[in-house]
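Data first, discussion second: the structure below is written as structure tokens.
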Amino acid sequence: MKFLPKALAISALALMTAAAQAADIKIAMNGADDTATNPEAAFAHGFADALKGTEFEVSIFPSGTLGSEKERFDQVAQGLLEVNLAALSTGFGMSPLMKGVQLPFFFESREQIDAVLSETDMLEQMNGPLLDNGVRFVDVNYIGMDIGIHNSRKPIATVEDMSDLRFRALNSEQIALQEALGATGTIVSWSEVANAIQTGVADGYFNPPNSAIRTGHTEFLKHFSPADITPSSRIVLISEDWYASLGDEEKDQIDAALEAGKKANRDWVNNWASEVRTKHEAAGVTITELAEGEREKMAELARATWATSLPDDQLSLWIKARDSVAD
């Protein structure tokens, strides 16, 4: 390289560095690297396995080893992290339209969300401000069955049963839902949830059933009501700067790997569906079905929170997209 003109030498070195970076893929997630209990791990390994035999080498970083949700989001934006399995809420600041994915009692099924993302332009619209900041939202990542109601105190079969309970909330949108249903909410970080419930700061949380099983929270959360509030979703983010630097063949390989990860995630959730009730009951959890008409009552009460999450124009976009793929 020393015999090349200086400008050409620098250019060649830059290309070599870019190629090395393109071949090394880091995929980070919040949960454990355990495909038996964690559907995000299923995505990560499905993605990695699909790239075997290519020039790409994938390293998986579980359990928040590359930082908090916010820190990992920033790393993706800076091009330091190629793939991040992230909390949906991490993108709200840049792209508030993303809040539509978690609207309570809005979607009929996980399949309906997938159809909206693949058959309408909602993914493109959510990505508009993200791409400007170096982040690409490529898909949702389901982390279990639909969200239900866990608590440590009593069976819940009606809206009224929640009136004296306080639930852990992930964010202000979830507090708005809990209050709409007659309960109270308090924001608690996930790492502090067990302590909060055991000390009475919170009585439970709104989460998919596998959350309590995976974390061992079934030791003190002895009641669960399947309310099917919304599919439990996280998201897959990739570095736009990294992706844009790839050649056409490399992009095709990454796109195929992302699709393989998606399939592994969906297969995991579908397989889990047949096991979750048995696992809950084996852990001593009482499962209480909602009384007739109570889910419809919850859905009607929750409808008012849609407008607190999204302005009318954005909510209309989601309603139009959902209705366009409805059965």
Side-chain angles (χ1 to χ4, degrees), residues 29-31 38-40 42-44 46-47 83-92 94-130 135-148 170-171 173-174 176-177 206-211 226-238 255 258-273 276 295 298-299 302-303 305-310 314-327:
M29 59 185 173
N30 192 55
N38 184 9
E40 286 194 295
F43 179 97
F47 175 88
V83 183
N84 183 30
L85 308 186
L88 175 64
S89 58
T90 58
F92 290 174
M94 288 184 185
S95 182
L97 186 61
M98 292 173 66
K99 293 180 181 180
V101 175
Q102 67 172 21
L103 291 176
F105 302 100
F106 186 82
F107 293 104
E108 294 179 8
S109 64
R110 296 184 298 276
E111 290 76 15
Q112 191 177 51
I113 294 180
D114 284 346
V116 167
L117 296 183
S118 63
E119 298 174 19
T120 76
D121 68 348
M122 290 305 295
L123 187 59
E124 180 182 350
Q125 294 206 51
M126 288 185 283
N127 261 321
L130 293 175
V135 178
R136 179 182 288 267
F137 170 24
V138 295
D139 214 335
V140 298
N141 214 13
Y142 298 116
I143 56 172
M145 304 304 296
D146 291 356
I147 290 175
L170 170 67
N171 50 37
E173 286 80 15
Q174 200 167 59
L177 171 62
F206 290 8
N207 258 16
N210 58 300
S211 292
D228 296 340
I229 295 171
T230 189
S232 182
S233 309
R234 286 170 63 84
I235 53 174
V236 183
L237 302 176
I238 65 174
D255 291 345
L258 290 169
E259 193 62 30
K262 174 180 178 177
K263 182 180 186 304
N265 173 259
R266 274 47 169 187
D267 287 348
W268 189 101
V269 174
N270 290 336
N271 291 336
W272 179 265
V276 65
R295 185 178 184 277
M298 289 182 182
R303 184 180 293 271
T305 69
W306 298 354
T308 66
S309 293
L310 293 169
Q314 293 187 1
L315 180 56
S316 294
L317 290 174
W318 277 107
I319 292 173
K320 180 179 178 181
R322 180 200 60 186
D323 292 349
S324 73
V325 302
D327 294 335

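The analysis underlying the following values was restricted to heavy atoms, covering all of them including side chains, and did not include hydrogens, waters or symmetry mates.
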Do the side chain of [X] and the main chain of [Y] share a donor and acceptor less than 3.5 angstrom apart?
X    : Y    : result
R234 : L85  : yes
S89  : A87  : no
W306 : P104 : yes
Q314 : L310 : no
N127 : L130 : no
N271 : D267 : yes
S232 : I143 : no
D146 : S109 : no

Going by heavy atoms in the side chains, are [X] and [Y] under 4.5 Å from each other?
X    : Y    : result
F43  : L258 : yes
V101 : I235 : no
R322 : T120 : no
N171 : F92  : yes

Approximate separation, where rounding is to 0.5 Å, of [X] [atom1] and [Y] [atom2]:
X    : Y    : atom1 : atom2 : value
N30  : N38  : CG    : CG    : 9.0 Å
Q102 : I113 : CD    : CD1   : 10.5 Å
E259 : K262 : CD    : NZ    : 5.0 Å
N265 : N141 : CG    : CG    : 4.0 Å
F105 : T230 : CZ    : OG1   : 9.0 Å

If you look at every heavy atom in [X] and [Y], which pair is closest and at what distance?
X    : Y    : result
V269 : M145 : O-SD, 4.1 Å
E108 : Q112 : N-OE1, 2.7 Å
F206 : Q174 : O-NE2, 3.6 Å
G144 : W268 : CA-CZ3, 4.5 Å
F137 : L123 : O-CD1, 3.4 Å
A176 : T305 : O-CG2, 3.7 Å

Next on the checklist: Go through it in stages, so that I can follow the logic: the residues are F106 and I319, the test is side-chain contact (heavy atoms from CB on, under 4.5 Å), and I'd like the CA-CA distance, side-chain angles, deciding distance and then a yes or no.
Outcome noted: CA-CA 9 Å; F106 186 82; I319 292 173; 3.8 Å; yes
Item to check | Non-neighbouring partners of D121 that pass side chain to side chain contact (heavy atoms under 4.5 Å, CB included), sequence neighbours left out | outcome: E124, Q125
Item to check | Residue pair L117, V140: steps toward the side-chain contact (heavy atoms from CB on, under 4.5 Å) verdict | outcome: CA-CA 9 Å; L117 296 183; V140 298; 3.7 Å; yes
Checklist entry - Can you find a side-chain donor-acceptor pair between Y142 and D114 that sits under 3.5 Å? => result yes
Checklist entry - How far apart are the C-alpha atoms of L103 and E173, what are their side-chain angles, what is the distance that settles it, and do they pass the side-chain contact (heavy atoms from CB on, under 4.5 Å) test? => result CA-CA 9 Å; L103 291 176; E173 286 80 15; over 6 Å; no
Next on the checklist: For M126 and L317: C-alpha separation, side-chain torsions, deciding distance, then whether side-chain contact (heavy atoms from CB on, under 4.5 Å) applies.
Outcome noted: CA-CA 11 Å; M126 288 185 283; L317 290 174; over 6 Å; no
